[in-house]
Amino acid sequence: MNASPPPPHTGTHLDAPYHYASTMDGGARAITIDEVPLEWCYGRGVKLDFRSFEDGYVATAADVEAELNRFGHELSQGDIMVVDTAAGVRYGYEDYLSKGCGMGREATLFLTSRGVRVTGTDAWSWDAPFIHTAKKYVETGGNSLIWEGHKAGMEIGYCHIENLRRLPGPVHERLRERATPRH
């Protein structure tokens, strides 16, 4: 019997800046997973509740700020931001890849410009599900729509965790997060 490893994007995983592009921080060489500073991977976890957004919606900086204000949280250097998009409850079902909202360039830079270096989502991707992005691309021809949240890492380097499940506690509960890279 031959065994094949699962595709690398199927389980919960941490993407390093090199996953997005060969540069970060405005032109510096992007770090690979084995170069991610461990201090990025330990911090106060904060969960945003974006379950009410429609599938394919691209979250903005204003959306992030409004949710943070809703429960009185001010971002600090080293916070780890996780987003509940409602996609996680569909993991294992045929529609999982099309579920949830995504984090746009503007929302991502809002977080990283305030010291967030690790983010996470219960969805398959940090960005909006690609089936929705592809439709918008056909309508507009705008290349900047494709993986805009990922590509924000070219401006300010960060890591994100994808395919999170069972995000704990109430929306405003602060968590102690540990997101250690494996290689």
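Atom set for the values below is all heavy atoms of this structure, side chains included, hydrogens, waters and symmetry mates excluded. Every value quoted in this text rests on a predicted model; they were computed, and no experiment measured them.
Counting only N and O atoms by type, the side chains of Tyr96 and Asp122 include no donor and acceptor under 3.5 Å apart. Checking His150 against Tyr158 by side-chain atom types alone, no donor-acceptor pair falls below 3.5 Å. If you check the side chains of Asp63 and Tyr57, you find a donor sitting under 3.5 Å from an acceptor.
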**Request:** In sequence, state the C-alpha distance, the side-chain angles, and the governing distance for Phe130 and Trp147, and then conclude on ring-ring contact (aromatic ring centres under 6.0 Å, His included).
**Result:** CA-CA 8 Å; Phe130 197 72; Trp147 307 123; 5.2 Å; yes

**Message:** Run the side chain to side chain contact (heavy atoms under 4.5 Å, CB included) test on Glu162 and Leu164 for me, step by step, so that the C-alpha distance in whole Å, both residues' side-chain angles and the decisive distance to 0.1 Å come before the verdict.
**Reply:** CA-CA 6 Å; Glu162 295 167 326; Leu164 288 167; over 6 Å; no

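Salt bridge annotation for Glu74-Arg114: absent, with no cationic side-chain nitrogen under 4.0 angstrom from a carboxylate oxygen. With salt bridges taken as basic N to acidic carboxylate O contacts below 4.0 Å, none links Glu65 and Arg70.
Considering Thr60, Val64, Val116 in turn, Val64 is the only one that fulfils the side-chain contact (heavy atoms from CB on, under 4.5 Å) rule with Phe110.
Between His132 and Tyr137, the ring center distance fails the sub-6.0 Å criterion. Here the two rings, on Phe53 and Phe50, have centers that are under 6.0 Å apart.
Within 6.0 Å of the OH atom in Tyr20, the count of heavy atoms belonging to other residues, nucleotides or ligands exceeds 12. More than 12 heavy atoms of other residues, nucleotides or ligands lie within 6.0 Å of CD1 in Ile146, so this atom counts as buried by the packing criterion. Sparse packing is recorded around CD of Glu94, with 12 or fewer heavy atoms of other residues, nucleotides or ligands lying under 6.0 Å away.
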